[in-house]
Amino acid sequence: MNKRTFLKNSSLLIGGVVFHPVISCSPKKPMETVTPELLKNWSENFEFSTSAVHYPTTLEEVQELVKKCDHLRVLGSRHSFNRIADSTENLISFQNLNKIISLDKKKNQVTVEGGIKYGELSGYLHENGFALHNLASLPHISVAGTIATATHGSGLGNGNLSTSVAAIEFVNAMGEVVTLSKETDPDFYGAVVGLGGLGPVTKVTLDLLPTFEVAQVVYLDMPMESLKDNFKEIMGAGYSVSLFIDWKSKNVAEVWVKRKVVPGEELNFPEDFYRAKKSAIKMHPVPELDPESCSEQLGVPGPWFDRLPHFKMEFQPSAGKELQSEFFVPLENGYEAIMAVAEMSEQINSHLFISEIRSIKADELWMSTAYQRDSIAVHTTWKQEIPEVMAFLPQMEEKLNRFNPRPHWAKLFTISQASLASRYPKIEEFKALLSKHDPNGKFRNEFLDQHIYGV
């Protein structure tokens, strides 16, 4: 990677950003605004580019801010590892727009404000007899931010979290409240994974399932060769399955198998799983770390929201100070993609915490990483070694290039806009939808300019 490209991509991470004059927004009513210092993202690998952060508490305040600000972006739980949510002028935090609005028990749907976190919502749903179809590895993330970036859990039969959306409400650049429904609005399929480009997502309606229980076990040291002829069977061995690989040996270090508890049926977790052995102790995905923060294992049944995530809401998630990248390839290329990354094992194993392999069902959301193809996600949690990671990413992308990888929108990547455009058949329709609701680029930022518009 040449120096110019390195510096451009490194600017996604490093806190020393170039500041631009802030165009302030002055709402008609008083509203809390924090200005003394710059916010950081969750893993603290970068600072946001403005200290003008607004904290609306009502839909009307959001509309007022949108009308007054020339440029702005919306913050969720700040879990992105790149600058997809950044603005050099104004930020809106949705930390106060985090309420449950209604539960429709006849339609099996819940409507929530965009800032609510899955960990806050899940207990309420369970208490009322409902569940979401899946959860990400962390329950700490917000609903609006999650669906805007196609964040996912795992399971051959499970779409990403965006696929549970039945209706979405956002405030467009003119300050108008727009509601789109899966049942009636074709634009819905472009708006759900909206990358923050349509405007603040103020309300979301989610489809629900009856509540259920899950049990999970962890298997240790599965030979990599077991994947060759059994990849789909292994990934389909549970409601949700994750492979954790440290690239230091020829083995998959851990296989997390989460199975739905069916009343009247006996759970069957064999001692031997494709030559891996069932762990007798609780594990962390990064074996050196304390597993206390992880969801319960050892085959003990529990509510869906206590088992589908890897981590508990009350603990710091994952490894803490880290970087993350993730690339989605077609399901049928999953094993080949793993083997391609394995070719880099000696280069990368000392710079990462762990890699995780998960499966995601195809969907029809235009900018979803699983758009119209069942997918395997090759995820890596890196140590916070920015120059080394940014140098490795183009090499990893090149290894995966023959599978047309789609990067996770909220994680680190260097894939060009031209390559991205070739992998999203609806990208021109998406840009037209952005133009319809944001004709003057109020919600555009450097991330959208670079990765969607190619400027």
Side-chain angles (χ1 to χ4, degrees), residues 59 62-63 66 74 76 84 101-102 104 106-114 132-134 143-152 157-209 328 330 360-375 404 406 408-410 417 420-444 447-448 451-454:
L59 172 62
V62 174
Q63 290 179 273
V66 169
V74 180
I84 188 171
I101 298 172
S102 64
D104 190 327
K106 291 183 178 179
K107 288 188 175 181
N108 293 346
Q109 291 179 338
V110 66
T111 299
V112 298
E113 292 181 324
L132 294 165
H133 79 285
N134 211 349
V143 169
T146 295
I147 66 173
T149 54
T151 297
H152 59 96
N158 299 322
N160 63 40
L161 273 61
S162 310
T163 62
S164 67
V165 177
I168 187 169
E169 175 191 277
F170 60 91
V171 177
N172 69 17
M174 288 68 75
E176 302 164 342
V177 178
V178 179
T179 301
L180 299 175
S181 167
K182 182 190 294 187
E183 295 181 354
T184 59
D185 301 298
D187 284 351
F188 168 90
Y189 292 92
V192 175
V193 184
L195 311 182
L198 294 167
V201 173
T202 48
K203 189 163 63 176
V204 180
T205 298
L206 303 172
D207 288 325
L208 304 175
L209 301 173
F328 297 73
I360 305 93
K361 184 181 178 181
D363 61 59
E364 294 297 325
L365 303 173
W366 297 353
M367 301 307 291
S368 167
T369 45
Y371 177 72
Q372 291 189 344
R373 70 183 197 190
D374 293 331
S375 298
N404 293 317
R406 296 169 177 167
H408 192 302
W409 290 113
Q417 189 273 340
L420 288 175
S422 72
R423 296 165 194 175
Y424 285 92
K426 289 281 192 178
I427 193 168
E428 293 303 321
E429 289 89 339
F430 179 66
K431 287 193 283 189
L433 185 63
L434 295 183
S435 180
K436 174 181 177 181
H437 291 286
D438 183 18
N440 297 314
K442 185 186 290 277
F443 305 123
R444 281 177 63 167
F447 181 93
L448 290 184
H451 299 298
I452 300 301
Y453 294 95

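None of the values given here were measured: they were computed from a predicted structure.
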Return a table of donor-acceptor pairs under 3.5 angstrom between the side chains of residues 430-443 and protein atoms on other chains or two or more places apart.
unit_1: Lys431; atom_1: NZ; unit_2: Glu428; atom_2: OE2; d: 3.2
unit_1: Lys436; atom_1: NZ; unit_2: Asp187; atom_2: OD2; d: 3.1
unit_1: Asp438; atom_1: OD1; unit_2: Gly441; atom_2: N; d: 3.2
unit_1: Asp438; atom_1: OD1; unit_2: Lys442; atom_2: N; d: 2.7
unit_1: Asp438; atom_1: OD2; unit_2: Lys442; atom_2: N; d: 3.1
unit_1: Asp438; atom_1: OD2; unit_2: Phe443; atom_2: N; d: 2.8
unit_1: Lys442; atom_1: NZ; unit_2: Val66; atom_2: O; d: 2.9
unit_1: Lys442; atom_1: NZ; unit_2: Cys69; atom_2: O; d: 2.4

Say you draw a straight line from CG of Leu448 to CD1 of Ile84; how long is it, rounded to the nearest 0.5 Å? 6.5 Å

Trp409 side chain vs Met367 backbone, donor-acceptor pair below 3.5 Å: yes

Look at the rings of His152 and Phe328 and say which category their plane angle falls in: under 30° parallel, 30 to 60° tilted, over 60° perpendicular. perpendicular

Exercise: identify the closest heavy-atom pair between Lys203 and Ile101: CD-CD1, 3.2 Å

Roughly how far, to the nearest 0.5 Å, is the CG atom of Asp363 from the CZ atom of Arg373? 11.5 Å

dist Thr163:OG1 -> Lys361:NZ (nearest 0.5 Å) comes out at 8.5 Å

Is it the case that the side chain of Glu169 and the backbone of Thr202 share a donor-acceptor pair, with hydrogens and angles ignored and the cut-off at 3.5 Å? no

Kindly say whether Ala362 contributes a backbone atom to a donor-acceptor pair with the side chain of Asp374 at under 3.5 angstrom? yes

Measure across Ile168 and Val192 and return the closest heavy-atom pair with its distance rounded to 0.1 Å. CD1-CA, 4.2 Å

Atom pair CG/CZ of Leu180 and Phe170 - distance to nearest 0.5 Å: 5.0 Å

Minimal heavy-atom distance between Ala370 and Ser375, with the atoms involved, is CA-OG, 3.8 Å

Could you pull out the closest heavy-atom pair between Asp207 and Ala166, with the gap in Å? OD1-CB, 3.5 Å

Which atom names give the shortest non-hydrogen contact between Arg406 and Tyr424, and what distance separates them? CB-OH, 3.5 Å

Side chain to side chain donor-acceptor pair (under 3.5 Å) with Ser164: which residues, sequence neighbours excluded? none

Should Asn158 and Ile360 be marked as a side-chain contact (heavy atoms from CB on, under 4.5 Å) after you check the CA-CA gap, both sets of side-chain angles, and the distance that decides it? CA-CA 6 Å; Asn158 299 322; Ile360 305 93; over 6 Å; no

Distance check, rounded to the nearest 0.5 Å: Leu208 atom CG versus Asp104 atom CG? 9.5 Å

Side-chain contact test, heavy atoms from C-beta onward, threshold under 4.5 Å: evaluate it for Leu206 versus Val165 and give yes or no. yes

Under 3.5 Å, is there a donor on one side chain and an acceptor on the other for Ser368 and Asn160? yes

Is a side-chain donor or acceptor of Gln417 paired with a backbone partner of Ile452 at a separation under 3.5 angstrom? yes

Please step through side-chain contact (heavy atoms from CB on, under 4.5 Å) for the pair Thr149 and His408, ending with a clear verdict. CA-CA 7 Å; Thr149 54; His408 192 302; 4.1 Å; yes

Verify, without hydrogens or angle tests, whether Arg444 (side chain) and Tyr453 (backbone) share a donor-acceptor contact under 3.5 angstrom. no

Shortest non-hydrogen pair, Ile147 vs Leu161, comes out as CG2-O, 4.1 Å

Residues that Glu429 engages under side chain to side chain donor-acceptor pair (under 3.5 Å), provided they are two or more places apart: none

